[in-house]
Amino acid sequence: MSQALNPAALMDNADTHSGVSNAKLGVWLFLASEIMLFATLFTSYIVLRMGSTSWPWGWDVLNVPLATLNTVILITSSVTIVMAYAKAYDKDKSGFQRWMAATILLSFGFLVVKAFEYGAEFKLGIGPHTSIFYAIYFTMTGLHGIHILGGIALNGGLLYMSSVDEHWKNPLFLGRVEGAGLYWHFVDIVWIFLFPALYLL
Amino acid sequence: MSQDPHGHAHHPELTFWEKYVFSVDHKVIGLQYLITSFFFLLIGFGLMMLMRWQLAFPGRAIPLIGHMFSADLAPNGVMSGEFYNALGAMHGTIMVFLGIVPLGVGAYGNYVLPLQIGAPDMAFPRMNMMSYWLYLPGGILMLSSFLMPGGAAQSGWTSYPPLSIINPGQTMWLLSMVVLITSSLLGAINFLVTTINMRAPGMSLWRMPVFCWAQFVTAVLLLLAFPPLEAASILQLMDRVFHTSFYMPKDLVILGQAYAGSGGGQPLLWQHLFWFLAHPEVYVLVLPPMGIVAEIIANNTRKPLHGYKTLVLSMVAIGVMSFMVWAHHMFISGMSASLGNFFLVTTMIISVPSVAILTCLIFSLKGGSIRYNVPMLFALAFLPLFGIGGLTGLPLGLTVTDIYLHDTYYVIGHFHFVVVTGSIIALLGGVYHWFPKWYGRKMNDRLGYIHFWGTTISMCAIFMPMLFMGMAGAQRRLYDPTAQLHNLPVQSWNIVSTYAAYALALFQLPFIYNFFHSMWFGEKTVENPWKATTLEWACPSPPPHGNFEKTPKVHRGPYEYSVVGRKTDYWMQTDAS
Amino acid sequence: MGTYGWSLPVAASSYAGSIDFGIWLIHAAMLGIFALWGAFFVYLLVKYRARPGVAAEREDHEDTPSHISVPDSFSKFPFGQLLYRNKGALKSLVPDMIIMAFEIALIVFYAIPVWSKIKMVVPEGPEVVHVQLIAEQFAWSFHYAGPDKKFGPRRSELVHFSNPIGLDRSDPASHDDVVMGNELRLPVNKVALLKMYSKDVIHSFFVPEFRIKQDILPGMEMPLWVEPTKTGKFEIACAQLCGFAHALMRGDVYVQTQEEFDAWYKSRLAANPAAATPTNPSEEF
C-alpha cells in the first residue's frame with residue numbers, strides 16, 4: 001500500500017477540505033437524498049388532495065390517540081439514542097448498550113402500535129385501494145415504517161457490535177453511532193411532518 | 001484489517017474473488033462498469049436493430065431469426081405491436097440507465113476521478129463495490145422482464161399511466177428501477193465525498209480538471225433528482241400491485257371493462273415527477289462526456305482550455321437550472337398553459353450555459369497545435385454533432401413550435417443527436433484516450449480511424465432523416481409507420497436509417513476486436529504516452545493499488561501546456577521543477 | 001424512386017401559418033448559426049493543425065493580471081471591475097448573448113402571444129361548431145350536439161360496443177345528436193371547439209395539416225379549437241402511445257363547405273339518429 005492516504009483511515013478524520021469527515025459528509029448527503037424522496041411524497045399528497053373533490057378529515061378516519069402515542073414514542077427514542085451516543089463518547093459500554101437497547105425497544109413499540117392501527121383498518125376491509133386518502137396514508141406511513149425497520153437493523157447491528165471487543169474498541173465506532181443517530185433523527189423528523197399532515201389536517 | 005499511524009493497511013494476499021469480482025479498488029470497479037455497460041449498450045443496440053427492420057419494412061418477416069420468436073411476439077416472424085412497443089421501451093431504458101450513465105459515471109468517473117484528484121481510491125471503497133453489485137443484478141432483472149408472462153415493459157421508457165398501470169411488464173421495470181436508483185445514489189454519495197474531501201494537497205477546486213467538475217455536478221444531479229423518480233415509481237408500483245389509484249382517475253373503461261379502482265388519481269402527477277428526474281438525467285447523460293471532450297481537446301491542442309472558469313461555472317449553472325425546466329417535455333400534456341410559458345422561459349435560459357460550454361470548447365482550438373489522433377477525432381466530432389442536437393432542441397423547447405413537433409420523429413432525431421453523436425461519440429473517444437492508462441498498452445490506430453469514420457457517418461445517416469420525417473409530422477412509437485397515411489411521403493427515409501443502423505453495427509466490429517486484442521497484444525506504453533498534464537498520467541499504466549507511490553503534491557492548474565520558456569510543451573500538475 | 005419528403009405538409013388551419021412561421025424562422029436561424037460556427041470550426045482545424053516548429057499559443061494575455069489597475073471608464077459602473085478583469089472570459093459569452101437576444105425576441109414577440117391565442121382562448125359565440133371527442137383504445141368517437149346545441153349526456157355505465165361513448169338516448173337532448181367513429185366533419189372557415197375526453201389511457205389528437213396537437217388525459221376535459229381554412233380530407237393521428245395498436249389509431253377529418261356539411265348532417269340524422277353510432281373498431285380485436 002502506498003504512503004498515500006488510506007480511505008479507511010480517513011473515515012472519521014475531520015481534517016478535510018470541507019472540515020467534515022468522510023463518514024459524516026456521506027451520511028448528510030444520504031439524508032439529502034432521503035429528504036428529496038419524502039418531499040416528493042409530501043408534494044404528491046398536496047397535489048392529490050388539492051385536486052380531489054372530497055377528502056376526509058384525518059381525525060375523522062384515523063386513530064389520532066394511537067398516532068400521538070407513536071409520536072411520543074419516537075421523540076423519546078431520539079432522546080435515548082442521543083444518550084447512547086453520549087455514553088459511547090464516554091466509553092461507557094454498559095451505558096451505551098442500555099440506552100441503545102431502549103431506543104430499539106421504543107422502535108419496536110412504534111411498529112407494534114402501527115400494527116394495531118393497520119390491523120384495525122384491515123379488519124374493516126380498508127386498504128390502500130379503498131380511496132386515494134388511504135392510498136397516500138398507507139404508502140407514506142408504510143415507507144416510513146420501512147425506514148424504521150432499517151433503523152432497527154442499523155441500531156441493532158451497533159448494539160451487537162458493542163459486545164465484540166474488536167468493534168467497540170475501534171476508533172471508528174463512535175462515528176458510526178453518530179451516523180446512526182443522525183439517520184434516526186431524520187426518521188423522527190419525517191414522522192413529525194407526517195403526523196399532522198395525515199392525522200390532524 | 002490493522003492500520004498503522006500513517007494509515008497503511010497491511011492486508012493478507014487477496015483471494016481471486018476479492019481481487020477481481022468483489023474488488024473494492026476503484027480501478028477494477030471502473031473496468032467492471034466499463035465492460036458491463038458496453039455489454040448492455042450492445043443489447044440495447046440489438047433491440048433497436050430489430051425495431052429498425054420493422055420500421056423500414058413493416059409487415060415483412062424478420063430475416064434469419066424471425067422464426068425464433070414466439071407467436072405473441074412475432075407471429076410468422078412478423079413483429080407484433082406489443083413486441084415493437086416492448087423493444088422501444090426497453091431500448092430507451094437500457095441505453096439510458098444500463099448503458100450511458102454507468103459508462104459515463106460508473107466507468108469513467110470511477111476510474112479517472114480519484115486519479116485526477118490525486119486520491120488513493122474513492123472515499124467509500126466498499127460502498128463503491130456495492131454500487132456495482134446492485135447495478136449488475138438490477139440490469140439483469142430489467143432484462144429478465146422479456147421472459148415474464150406478458151412480456152417486457154411496453155409503455156415507453158417514460159411509463160406514462162394509465163397505460164403503464166394496465167400494460168404488462170411494468171412491475172418488473174419498476175422494481176429494477178428501484179434497484180438501479182439505489183446503486184446510483186450510493187455512487188453519487190461516494191463521488192461527492194471523494195471530490196470534496198480527498199483531493200491531494202494543492203489540488204484546490206479551481207485546479208481540478210474540467211472532467212472532475214463534470215462528474216461532480218453529475219453526482220449532485222443523481223443524488224437529488226433520482227429520489228423523486230423512486231417515490232413516483234413506488235406510487236406506480238402501489239397502483240399496479242395494491243390497486244391504489246395514485247395515477248388513475250375515476251370511471252375508466254378499458255377495452256369495454258370498467259376499471260376497478262377507487263379513482264381520484266392524476267396521470268399528470270406521474271409526468272411531473274418523472275420529468276423532474278428525467279430532465280436532470282439528460283444532463284447526467286451529457287456532462288461526463290463533455291468532461292471527456294474537454295480533457296482530450298486540452299491535451300491535443302497543447303494549450304490550456306479557453307475559459308476554464310466559464311466552463312466550470314456553466315456546468316454548475318446547467319446543474320442548477322436543470323431542476324427548473326422539466327415541464328418543457330409536457331407542453332402538450334394538458335397542464336396549465338401558463339405553466340408552459342414559465343418553462344419556456346427557463347428552457348431558454350438553460351440554453352445559455354450550454355452554448356457557453358460549446359463556445360469555450362471550440363475557442364480552445366484557436367492558437368493550438370492540434371494533433372489529429374483517434375481520441376481527438378472523436379472529441380472534435382462531438383462539437384458540431386452535439387451542436388446539431390442542441391440546435392434542434394430550440395423548436396422543441398419553444399411552446400408554439402412544439403405543438404407540431406411534439407412526439408414526432410423530430411424529437412427522436414434531436415435526442416439521438418445529443419446522446420448518440422454527442423455522448424456516445426465522446427465516450428468512445430475516451431476509451432482510446434484512457435486505454436493506455438487502463439491496460440498499459442495502446443489501441444491500434446488504423447482500426448481506430450476506421451471505427452471513427454464509419455461510426456460517425458453511419459450515425460448521421462441514421463438520425464438526420466428523422467428530422468425530415470418529423471417535419472412531415474411522422475409520429476413516434478408506431479410499430480407500422482405506414483398505417484398513418486401522412487407518413488407515406490417520408491417512408492423511404494426509414495429504409496435509409498435502417499441500412500445506416502446496420503452499417504453502424506458493422507463498424508463496431510473493428511472497435512470490439514481492437515479493444516480486446518490490444519488488451520493482451522497491444523503495443524506496450526509508458527506512464528504518459530499522450531504527454532498530458534493531469535494527475536492520472538503521473539502514475540504507472542495501469543496504476544497499482546493505492547495509485548500513487550507517495551501522496552501527490554499539486555503545484556499548478558490542470559492545463560499548463562506550452563508554457564513559454566520550458567523545454568517540453570507540457571508541465572504536469574505534480575511536477576515540482 | 002422513393003419517398004424522401006422533408007417539408008411541412010400543407011397548412012390548412014387559421015393558425016397553421018403562425019406555427020409554420022416559427023418553425024421556418026428557427027430553422028433559418030439554426031442553419032445560419034450552424035453554418036457560421038461550422039465554417040469557423042473548419043477554419044480553426046486547418047489553421048491550427050500541428051506543424052513542425054510551430055508551437056501552440058496560450059491566451060494568457062486575455063485576462064488582465066491583478067497588478068494592472070482598472071481604468072476609470074470601467075470602475076465607474078457597477079460590476080465594472082469584474083468586467084474589466086474578466087474581459088477574456090466574457091468574450092466567450094458574446095455568441096451566447098446574440099443567441100439570447102434572438103431567443104428573447106422570439107419568446108416575447110412570438111411564442112407567448114401565439115401560445116396564448118392557441119391554448120388559452122376558448123372561442124364562444126353562436127357560430128362556433130361544438131364537437132365532443134371521446135378517445136379510447138383504439139378509436140376516435142365524435143359527438144355532435146345537433147341543432148338544439150345541447151349534448152346528450154354520457155354515462156360510463158352505458159358504454160357498450162354499439163354505444164362506445166355511453167350516450168343516454170333516453171334523454172331528449174340526445175335525439176338530434178350524431179356520433180361518428182373515426183370520422184370528423186367540419187365546415188370550412190368556421191371555428192370549431194373540440195372538447196376532448198379519454199375513456200382509458202392518455203391519447204393525443206393530432207392533425208398534421210391543422211398543426212394542432214393536444215394530449216387527452218382521462219378524467220379531464222381538454223378543450224381544443226381549430227378553424228380549418230382548406231376543404232379536403234386530412235388525417236387524424238394519435239400522438240401519445242396508447243397501447244399495442246397505437247399505430248392503427250387513425251381517423252379522417254373531412255372539411256366541407258357549410259352547405260355540404262349541413263347536408264351531410266341531415267343525412268346522418270335521417271339515417272337513424274338514435275343508433276347513429278357506427279361499429280366500434282376496438283371490439284374487433
Side-chain angles (χ1 to χ4, degrees), chain B residues 81-82 85 156 160 162-163 249 251-255 267 302-303 307 309-310 332-334 337 341 344 348 352 355-356 359-360 362-363 365-371 384 391 394-395 398-401 403-404 406-407 468 471-473 475 477-480 483-486 489-492 562, chain C residues 2-9 19 22-23 26 30 34 38 41 44 48-50 54-59 89 92-93 95-96 99-100 103 107 111-112 114-115 119-120 137 156 159 199-202 208 211 213-215 217-220 222 235 237 239 241-248 250:
Chain B
E82 291 94 326
N85 288 345
Y160 282 8
L163 183 68
D251 297 332
L252 292 179
V253 178
I254 319 275
L255 288 176
R302 315 309 294 166
K303 62 179 277 288
K309 277 217 178 97
T310 310
I332 310 298
S333 66
N341 282 329
L344 164 69
M348 289 299 132
V352 172
V355 174
T359 307
C360 288
I362 295 181
F363 269 103
L365 301 171
K366 184 168 185 292
S369 175
I370 305 175
R371 306 189 304 200
L391 286 172
L394 272 179
L398 203 77
T399 44
V400 172
T401 46
I403 296 176
Y404 181 71
H406 172 74
D407 230 64
F468 303 139
M471 293 288 270
Q475 285 303 115
R477 296 172 170 164
L478 303 179
Y479 83 93
D480 181 354
Q484 297 194 353
L485 307 174
H486 68 275
V490 290
Q491 176 58 17
S492 294
S562 300
Chain C
T3 46
Y4 298 101
W6 57 274
S7 185
L8 296 169
I19 295 180
I23 294 180
I26 296 181
M30 282 157 58
F34 189 75
F41 181 60
L44 291 175
Y48 294 105
R49 69 196 185 282
V54 182
E57 234 183 75
R58 296 166 64 97
E59 297 169 280
S92 358
L93 292 178
D96 244 327
I99 295 179
M100 260 311 261
E103 287 179 9
I107 293 177
I112 293 184
V114 179
W115 181 250
K119 292 285 179 185
M120 300 197 211
Q137 288 178 320
S156 55
V159 170
K199 280 162 69 175
D200 40 31
V201 299
I202 303 178
R211 312 287 190 268
K213 185 177 293 158
Q214 176 58 53
D215 281 8
L217 293 166
M220 282 174 68
M222 324 290 310
E235 187 170 41
L241 180 66
C242 59
F244 62 89
H246 166 62
L248 307 179
R250 62 169 303 286

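It should be emphasised that the depicted structure is a prediction, and the values quoted were computed from it without experimental measurement.
C/D215 is listed as a side-chain neighbour of B/S333, based on a closest heavy-atom distance under 4.5 Å. You'll find the side chain of B/L344 reaches within 4.5 Å of the side chain of C/I112, heavy atoms only. Side-chain contact between C/L44 and B/F363 is absent, with no heavy atoms from C-beta onward closer than 4.5 Å. Side-chain contact check for B/L394 versus C/E103: some heavy-atom pair is nearer than 4.5 Å. At least one side-chain heavy atom of B/Y404 sits less than 4.5 Å from a side-chain heavy atom of C/L8.
Minimum heavy-atom separation, B/Q491 to C/T3: N-OG1, 3.4 Å.
Note on B/I362, B/D251, B/N85, B/T399: by heavy-atom pairs under 4.5 Å with chain C, the leading option is B/T399. Considering only heavy-atom pairs separated by less than 4.5 Å from chain C, the leading option among B/Q475, B/R371, B/K303 is B/Q475. The candidate from B/G334, B/P489, B/P267 with the greatest count of non-hydrogen atom pairs under 4.5 Å with chain C is B/P489. The greatest number of non-hydrogen atom pairs below 4.5 Å with chain B, out of C/P9, C/S156, C/A56, is found for C/A56. The residue among B/G156, B/A337, B/A483 with the most heavy atom pairs within less than 4.5 Å of chain C is B/A337. Of the residues considered (C/G5, C/G219, C/G22), C/G5 shows the highest number of contacts with chain B, using heavy-atom pairs under 4.5 Å.
In this structure, chain B has a heavy atom under 4.5 Å from the side chain of C/E235, while its backbone stays farther away. At a 4.5 Å heavy-atom cutoff, the contact between C/M30 and chain B is made by backbone and side-chain atoms alike. Residue contact with chain C, scored on non-hydrogen atoms closer than 4.5 Å, involves the backbone and the side chain of B/P162 alike. Interface residue B/E82: backbone and side-chain heavy atoms are both found under 4.5 Å from chain C. Only the backbone of C/V54 has a heavy atom closer than 4.5 Å to any heavy atom of chain B.
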*Begin from the C-alpha positions of B/Y160 and C/L241 and carry the test side chain to side chain contact (heavy atoms under 4.5 Å, CB included) through to its verdict.*
CA-CA 9 Å; B/Y160 282 8; C/L241 180 66; over 6 Å; no

_Test salt bridge (charged side-chain N to carboxylate O under 4.0 Å, His left out) applied to B/K366 and C/E59, step by step_ = CA-CA 9 Å; B/K366 184 168 185 292; C/E59 297 169 280; 5.9 Å; no

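Atom NZ of C/K119 is separated from atom CD1 of B/I332 by 4.5 Å, given to the nearest 0.5 angstrom. For the atom pair B/H486 NE2 and C/R250 CZ, the distance stands at 9.5 Å (nearest 0.5 Å). In this structure, the separation between CD1 on C/I26 and CG on B/L398 is 4.5 Å, given to the nearest 0.5 Å. Rounding to the nearest 0.5 angstrom, the gap separating the OH atom in C/Y48 from the CG atom in B/L365 is 10.0 Å. Atom CD1 of C/I202 is separated from atom CG of B/L163 by 8.5 Å, given to the nearest 0.5 angstrom.
When each of B/I254, B/L252, B/L255, B/V253 is checked for a side-chain contact (heavy atoms from CB on, under 4.5 Å) with C/K199, only B/V253 meets the rule.
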